[in-house]
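All figures in this text were calculated on a predicted structure; none of them were measured in a lab. Atoms within each ligand, like the ligands themselves, are counted from 1 in listed order.
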Amino acid sequence: MTPTAAIYLDNAATTRLDPEVLEAMLPLMTEHFGNPSSIHSHGRAVRTAIEKARKTVAMLLNTSPAEIFFTSGGTEADNTAIRSTIETYRLTHAITSPLEHHAVLHTLQHLAQQGTIQLSLVDIDANGHIDLAHLEDLLRTRPRSLVSLMHGNNEIGNMLNLSRVGELCRAYDAIFHSDTVQTMGHFRHNLQQLPVDFIVGAGHKFHGPKGVGFLYTNAERVKIHPFVYGGAQERNMRGGTENVYGIVGLAKALEIAYRDMDAHQQHITGLKRRMIDQLRAKMPDVQFNGDSADVDNSLYTVLNVSLPASDMSDMLLFSLDIARISASGGSACSSGSSIGSHVLGALPGLDPDRGYVRFSFGKYNTTEEIDYAVDTLVGLYQKELVK
Ligand SMILES: Cc1ncc(COP(=O)(O)O)c(C=O)c1O
C-alpha cells in the first residue's frame, strides 16, 4: 500500500528541523530582533544569544569559544579553511581525494586551474579507502602542503581515521582540514585530542536550520585571514550581520544531538542493519558500495546500494519517487554526464550499468518505512525480471 505521506530517506542531504530547535529560534525572529553589533540593549540581548551559542558548540567539541566561527553553512566553512589557509600561508600545494564533496573539490580545482596551487589527488582503492602510504609519499615530496580529506563520505559512508591522518600531516608540517559535515552531530569530536587544524559543521545535517554552519580553527597552530571581508563580526573573521536565529538553532540542534546521540545511533544503526539484511535476503545480486554495509565502520546514517543491471537503472530514483520514497544517488556514469555521481565514478571498477541508490537514515525514520522501501525496491525489480 502506498503511504499517505512520502517517506524521507535522504537525511545525508538534509534533515527535518527538530521542534525543540524551532522553539529556541522563534524568540530571535520575533522579540529579539536587534542587530548584535548594536551597543544598545536590543543589540546586546542578541549578542548574548550568539555568544551563548558559541560557548555551547565549543563546550560540546571540547574546545574554546575563540576557535569557533559561524558561517553560512558547510560550503562556506570549507571555502574559508581552504582559500584563506592557502592565501595566508602562501601555500603552493594541496592534497585531496577524488571522493570529496564539491565544496572542497571544486574549490581546490578552481585554485589549481588559476595556477595558485598544484593539486595532488591521493590514490583510493575499489572500496574508496584512502591510500595512506601514497598520502605519505605525497607529503614527503611536498611538505608544508594543505591536506583536505573528509571524515565521513556523504555518498558511500566511508570514514577516515582523523588521528592517523592528522599525525601524518604534523610529521610533514602540513595543515590539515577535514570536512566533518556528515559526522558533526552524529559522532563525538574531542578537539583537545584530535590533531586537526580545521573541522566544520552544517546545522541542517543534524536537525538544525539550513544556511548556517561553523568553522573550527586550531588557534595554537593556524591564524588565517578572513574569507568574507566586511564588518568586524565574528572577531573580524567573517563580515556580515550574523544569521542570529540560525546560529542559536544550530547550537540547540548540536546540544540535542549530543544529548541523545547514543539512543539515536542505536536506533538508526538498527534501521540500517534491517535494510541490509532484508535486501540481502530478498534481492538477488544486491551489493553495497564503499564501506557502507560495514555497519560498525561507516556512517550509520548512509547506505549506498548497488542493484543488478537492468533497463530501469536510470529510472530508479524516479520510480522510487513515484512510490513516495525520497532517496538520492545518481548513476555511476562519469562520461561528462551532469547526473553522474563523481564519487561513484571515481571508484575503480564500478559497473556503470548497475542501479545505484543512496538511502540515508535519521532519527525520525521507522522500521515500517524501511520495510516499505525494501519491498518497493524488490517489487520494482521483480516487475523488470518478468517483462
Ligand atoms: C560532506 C559535505 N560537505 C559539505 C556540504 C555542504 O554543506 P552546506 O550545504 O551546509 O553548504 C555537504 C552538504 O551536502 C556535505 O555533505
Side-chain angles (χ1 to χ4, degrees), residues 8-17 21 57 68-84 96-110 124 128 130 146-160 162 165 176-187 189 196 198-216 227-228 238 240 242-243 245-247 249-251 253-254 257 268 289-292 298-304 326-330 339 341-344 346 358-362:
Y8 189 71
L9 291 173
D10 200 14
N11 288 275
T14 196
T15 54
R16 178 191 284 259
L17 193 75
V21 174
V57 172
I68 302 296
F69 299 95
F70 292 113
T71 65
S72 67
T75 302
E76 189 193 312
D78 285 336
N79 266 264
T80 305
I82 292 169
R83 302 187 70 143
S84 294
T96 191
S97 90
L99 307 179
E100 299 300 305
H101 190 274
H102 282 152
V104 167
L105 211 47
H106 283 172
T107 306
L108 285 167
Q109 283 166 345
H110 171 70
I124 52 163
I130 302 290
L146 172 70
V147 174
S148 181
L149 292 171
M150 71 203 308
H151 187 205
N153 187 284
N154 50 305
E155 293 200 35
I156 54 173
N158 285 23
M159 292 189 71
L160 186 74
L162 288 186
V165 173
F176 181 34
H177 159 253
S178 183
D179 178 342
T180 49
V181 163
Q182 290 291 337
T183 52
M184 189 61 64
H186 301 285
F187 291 84
H189 296 281
V196 293
F198 301 100
I199 65 167
V200 303
H204 68 117
K205 306 290 187 180
F206 47 89
H207 304 282
K210 295 172 180 54
V212 63
F214 67 88
L215 171 69
Y216 154 80
F227 174 56
V228 178
R238 200 259 180 186
E242 296 88 337
N243 173 1
Y245 29 84
I247 290 170
L250 178 149
L254 198 62
I268 297 167
N289 290 313
D291 285 340
S292 66
S298 63
L299 292 179
Y300 53 90
T301 45
V302 170
L303 183 64
N304 197 304
S326 299
S328 73
I339 55 162
S341 149
H342 73 279
V343 174
L344 296 183
R358 177 192 68 181
F359 292 106
S360 50
F361 317 104

- Query: What is the closest protein heavy atom to atom 16 (O) of ligand 1, and at what distance does it sit?
  - Reply: Q182 NE2, 2.8 Å
- Residue, atom name and distance, where the atom is the protein heavy atom closest to atom 3 (N) of ligand 1: D179 OD2, 2.6 Å
- Query: What residue and atom, counting heavy atoms only, is the protein's closest point to atom 14 (O) of ligand 1, and at what distance?
  - Reply: K205 NZ, 2.6 Å
- Among V302, L303, N154, N304, which residue meets the side-chain contact (heavy atoms from CB on, under 4.5 Å) test with S360? V302
- Message: Taking N158's backbone N and O only, do any of them form a donor-acceptor pair with S298's side chain (distance below 3.5 Å, no angle check)?
- Response: no
- Task: Could you verify whether a donor N or O on one side chain and an acceptor N or O on the other, from E155 and S341, lie under 3.5 Å apart?
- Result: yes
- Item | ligand 1 contact on T75 by region, counting heavy-atom pairs under 4.0 Å | both
- Query: So among V200, I68, T180, which one has a side-chain contact (heavy atoms from CB on, under 4.5 Å) with Y216?
  - Reply: I68
- Indicate whether the side chain of S328 and that of D10 have a donor and an acceptor atom separated by less than 3.5 Å. yes
- Message: Test your reading of the structure: does H101 have an N or O sitting under 3.5 Å from an N or O of ligand 1?
- Response: yes
- Query: Are any side-chain N or O atoms of S326 and backbone N or O atoms of Y8, one a donor and one an acceptor, separated by less than 3.5 Å?
  - Reply: no
- Message: Would H204 count as a contact residue for ligand 1, given that I'm defining contact as a non-hydrogen atom of the residue lying under 4.0 Å from a ligand atom?
- Response: yes
- Message: Can you name the atoms of ligand 1, numbered from 1 with element, that are less than 4.0 Å from a heavy atom of M150?
- Response: 1 (C)
- Query: Just distances here: any N/O of G74 and N/O of ligand 1 closer than 3.5 Å?
  - Reply: yes
- Query: Between H204 and P209, is there a donor-acceptor pair closer than 3.5 Å when you use the side chain of the first and the backbone of the second?
  - Reply: no
- Message: Give the atom numbers and elements of ligand 1 that come within less than 4.0 Å of a heavy atom of G73.
- Response: 10 (O)
- Task: May I ask you to list the atoms of ligand 1 that are less than 4.0 angstrom from any heavy atom of A202?
- Result: 10 (O)
